[in-house]
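Below is one structure, written out as structure tokens, with a few remarks after it.
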Amino acid sequence: MSNNTGPTPDALRRHRDAQALAYRCAETVGAGLEAGVTEREVARRMRAFLRENGVEDFFHIPFAWFGERTAFRSLKGPWTPLHFFPTTKRLEEGMSYILDCSPVVDGYVSDIGYAGVLGDPGSNRIFDALMRDLAEYRTLIPQRIKAGDTLSEVYAAVDALIAQQGYESRHKVYPGRVIGHQVGHMSQRRNMGRYAFGFGLRTLETLGREIVTEGIKGRSPLWAGGRASHHAPTPGLWAVEPHIGFPSTSGGSKHSVGVKFEELLVVTKDDAFWLDDDLPHVRRWQEQARAKEGALA
């Protein structure tokens with residue numbers, strides 16, 4: 001998947017193209033959302049869009065989460081792995097949503113997360129505050145890697161910032177409590193288009209091999225906060241998804257809002273940088289910064 005210096009320029013271009021397609025899917029589907037649509041229908045729309053654009057396989061099937069489910073909370077008991085799958089929950093005006101898709105294009109993997117709100121801008125103040133504060137994580141993560149932190153130390157720094165901001169870590173609810181994972185090029189075509197537990201069989205086979213291979217070297221392709229991640233990030237591409245949520249004790253279920261971004265981080269022997277800056281959440285933050293500068297002028 002990688003070497004000591006990181007992916008080649010051509011590989012970066014191919015992954016960037018796959019990521020751009022994934023974000024184009026999320027933006028297009030997000031722009032067409034309407035009150036009453038279900039998570040399952042939105043997930044089908046994402047899958048159809050990507051299929052129509054030549055995608056033959058997915059790292060994992062598309063996911064959509066609405067309302068309290070964007071914070072990985074269930075109104076019917078504790079959150080379990082089965083709750084990640086799209087449901088019949090319907091979108092309402094002013095409700096937050098997260099779209100997550102991971103098309104594999106010619107074997108090049110992408111994995112993205114896109115957060116939004118149905119309705120007029122500013123209609124959900126909690127979402128706006130969370131999205132504004134999420135920008136700090138995009139700066140913090142590569143900064144800490146370049147400073148020499150291990151993956152687990154970066155994970156701890158992210159959670160410390162979440163606590164400082166007064167929010168809750170929601171990536172801790174993901175299987176394995178991961179905030180990210182390695183991605184690369186999947187060359188084998190066997191089992192392409194076949195899935196188990198929401199993940200492509202090629203994904204599971206690749207991750208299985210990497211867990212064994214990296215484990216022998218004292219490393220892990222999964223980025224969490226435990227002992228297995230107490231090492232410098234392996235050079236290559238990492239899909240990173242800091243996920244923050246409004247405290248569950250603050251105002252009940254209607255205030256259960258979570259936001260995240262997920263995008264590809266490039267790691268080399270002596271550097272770390274995001275694969276692409278022309279992304280929806282980055283443009284949003286840039287526009288807000290320009291508006292703030294204009295108001296102060």
Side-chain angles (χ1 to χ4, degrees), residues 1-4 6-7 15 18-19 22 57-61 63 72 79-85 98 100-104 107-113 137-138 140-142 144-145 148-160 162 169-186 188 191 195-244 260-268 272 274-275:
M1 290 182 62
S2 61
N3 53 46
N4 288 335
H15 283 289
Q19 178 172 264
D57 200 11
F58 300 91
F59 186 83
H60 63 67
I61 62 173
F63 294 112
F72 292 165
W79 188 276
T80 71
L82 291 177
H83 285 101
F84 285 102
F85 291 94
I98 292 177
D100 190 312
C101 64
S102 57
V104 180
Y108 291 89
V109 177
S110 65
D111 200 353
I112 68 100
Y137 300 89
R138 197 173 190 269
L140 174 70
I141 291 169
R144 297 313 312 162
I145 291 176
D149 284 5
T150 65
L151 291 176
S152 58
E153 288 170 337
V154 179
Y155 192 103
V158 167
D159 279 0
I162 294 174
S169 169
R170 305 318 295 157
H171 45 259
K172 285 189 174 181
V173 183
Y174 284 103
R177 301 166 68 89
V178 299
I179 194 175
H181 56 86
Q182 274 191 280
V183 301
H185 181 253
M186 295 193 294
Q188 82 279 7
N191 286 325
Y195 305 92
F197 309 108
F199 288 86
L201 291 186
R202 290 202 300 172
T203 298
L204 296 175
E205 290 174 352
T206 301
L207 276 177
R209 285 196 304 270
E210 290 172 354
I211 287 172
V212 172
T213 302
E214 293 292 282
I216 293 172
K217 301 174 183 177
R219 303 185 304 218
S220 173
L222 304 177
W223 183 345
R227 183 180 302 175
S229 293
H230 194 61
H231 61 84
T234 305
L237 278 163
W238 292 79
V240 187
E241 50 186 329
H243 193 150
I244 62 178
K260 75 167 184 173
F261 66 80
E262 183 175 14
E263 54 175 302
L264 299 182
L265 180 74
V266 184
V267 176
T268 67
W274 298 105
L275 179 61

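Close placement of the Phe59 and His181 rings is indicated, their centers lying within 6.0 Å of each other.
In plain terms, the two heavy atoms of Ser152 and Gly225 that are nearest each other are CB-O, 3.8 Å. Pairing each heavy atom of Asp149 with each of Pro233, the nearest pair is O-CD, 4.1 Å. Here the closest heavy-atom approach between residue Ala18 and residue Pro103 is recorded as O-CG, 4.0 Å. Nearest heavy-atom pair across Ile244 and Arg170 is C-CG, 3.8 Å. When all heavy atoms of Pro142 and Ala272 are compared, the closest pair comes out as CB-O, 3.7 Å. Phe63 approaches Phe84 most closely through the heavy-atom pair CD2-O, 3.3 Å.
For residues 231-243, every residue pair satisfying the salt bridge (charged side-chain N to carboxylate O under 4.0 Å, His left out) rule, not counting sequence neighbours, is listed here: Glu241-Lys260.
In this structure, CG on Asp100 lies 5.5 Å from CG on Asp111, to the nearest 0.5 angstrom. Atom OG of Ser110 is separated from atom CD of Glu262 by 9.0 Å, given to the nearest 0.5 angstrom. A distance of 9.0 Å separates CG of Leu275 from CG of Leu265, quoted to the nearest 0.5 Å. Atom CD1 in Ile141 sits 4.5 Å away from atom CH2 in Trp274 (nearest 0.5 Å). Interatomic distance, Arg177 CZ to Tyr155 OH, rounded to the nearest 0.5 Å: 5.5 Å. Rounded to the nearest 0.5 Å, atoms OG1 (Thr150) and CZ (Arg144) are 10.5 Å apart.
A heavy-atom distance below 4.5 Å is not found between the side chains of Val240 and Tyr137. Residues Ile98 and His243 have side chains in contact (heavy-atom distance under 4.5 Å, counting atoms from C-beta outward). Two residues are said to be in side-chain contact when any heavy atoms from C-beta on lie closer than 4.5 Å; Ile179 and Tyr174 fail this criterion. Counting only heavy atoms from C-beta outward, the side chains of Glu153 and His230 approach each other to under 4.5 Å.
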Verdict with supporting geometry, Val173 and His83, side-chain contact (heavy atoms from CB on, under 4.5 Å)
CA-CA 11 Å; Val173 183; His83 285 101; over 6 Å; no

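Put simply, the side chain of Trp238 never gets that close to the backbone of Val267: no donor and acceptor are under 3.5 Å apart. In this structure, Gln19 contributes its side chain and Leu264 its backbone to a donor-acceptor pair below 3.5 Å. The backbone N or O of Ser220 lies less than 3.5 Å from a partner atom in the side chain of His231, making a donor-acceptor pair.
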